[in-house]
Structure formats: C-alpha cells, structure tokens
Amino acid sequence: MKELVEIIAKSLVDAPDQVVVTETTDEHTINVELTVAPDDMGKVIGKSGRIAKAIRTVVKAAASKSDKKVIVDIK
C-alpha cells in the first residue's frame, strides 16, 4: 500500500521529493501516513476532500484481497 500511495501523491504535488509515506501494520489494520509539503496539502486533499477520498477509495480497493482495514492519514 505504501508504494501505491507514494506514486499517487508524487504525481499530484509540486515537490515530489518532500512526499513521505510510512506504513504500520498490525493484526487487523494497515495504517498509511502521508506527509507532504505545506504548500502541496491542498492539492492532495482537493476541494471538499474529493482527492483525499479518491486516494482512500483506491487504496481500500487494492487492499480488499488482504482482508485488513486500511486507514490513510494525510498530514
């Protein structure tokens, strides 16, 4: 999941070198934390959170095989 979020985020922002994605996994969940430059935060979230919601939807669809809940946190 980490690689997927990283590819999507880097394609959206102006400073792809400042995109940091960390992933932690436990028994039932996968936590993906996305950190971008402050100037790029609006590009990743989008109007009314549409892009953030789309990122979460794509990641959840990709994780459907693993039977784990995926949480994408954008900071």
Side-chain angles (χ1 to χ4, degrees):
M1 296 303 123
K2 177 181 176 180
E3 295 83 15
L4 177 62
V5 173
E6 190 171 352
I7 290 169
I8 294 170
K10 284 185 176 183
S11 67
L12 293 172
V13 299
D14 288 334
D17 55 322
Q18 293 187 14
V19 172
V20 178
V21 181
T22 56
E23 180 178 283
T24 56
T25 306
D26 64 12
E27 204 171 304
H28 300 288
T29 61
I30 300 171
N31 293 317
V32 180
E33 185 177 301
L34 170 62
T35 307
V36 297
D39 293 339
D40 291 329
M41 188 63 73
K43 292 178 181 137
V44 174
I45 294 174
K47 240 183 205 179
S48 301
R50 287 183 182 175
I51 295 175
K53 185 177 178 181
I55 291 171
R56 290 183 177 111
T57 302
V58 169
V59 171
K60 285 180 184 180
S64 63
K65 292 181 183 179
S66 66
D67 294 329
K68 288 188 177 185
K69 182 179 178 183
V70 178
I71 300 169
V72 178
D73 188 22
I74 301 171
K75 293 186 176 184

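Remember, it's a predicted structure, so these values are computed and weren't measured experimentally.
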If you look only at distance, which donor and acceptor atoms sit under 3.5 Å apart when one is on a side chain in residues 12-26 and the other is two or more places apart or in another chain?
{"from": "D14", "atom 1": "OD2", "to": "K43", "atom 2": "NZ", "distance (Å)": "2.3"}
{"from": "E23", "atom 1": "OE1", "to": "K2", "atom 2": "N", "distance (Å)": "3.0"}
{"from": "D26", "atom 1": "OD1", "to": "H28", "atom 2": "N", "distance (Å)": "3.3"}
{"from": "D26", "atom 1": "OD1", "to": "T29", "atom 2": "N", "distance (Å)": "2.9"}
{"from": "D26", "atom 1": "OD1", "to": "T29", "atom 2": "OG1", "distance (Å)": "2.6"}
{"from": "D26", "atom 1": "OD2", "to": "T29", "atom 2": "OG1", "distance (Å)": "3.3"}

Counting only pairs under 3.5 Å, give me each side-chain donor-acceptor contact of residues 45-55, with atom names and distances, residues two or more places apart or in other chains.
none

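Heavy-atom minimum distance, V70 versus K60: O-CE, 3.6 Å. When all heavy atoms of M41 and I74 are compared, the pair lying nearest together is SD-CG2, 3.8 Å.
I7 forms part of no hydrophobic cluster, judged by ILVMFWY side-chain heavy-atom separations under 4.5 Å. Grouping Ile, Leu, Val, Met, Phe, Trp and Tyr residues whose side-chain heavy atoms lie under 4.5 Å apart, directly or via other members, leaves I71 alone, with no other cluster members.
In this structure D67 satisfies the side-chain hydrogen bond (donor to acceptor under 3.5 Å, both in side chains) test with no other residue, sequence neighbours excluded. By the salt bridge (Lys or Arg N to Asp or Glu O under 4.0 Å) test, D73 pairs with K75, sequence neighbours left out.
Every pair passing salt bridge (charged side-chain N to carboxylate O under 4.0 Å, His left out) that includes a residue from residues 3-12 is listed here, sequence neighbours excluded: E6-K10.
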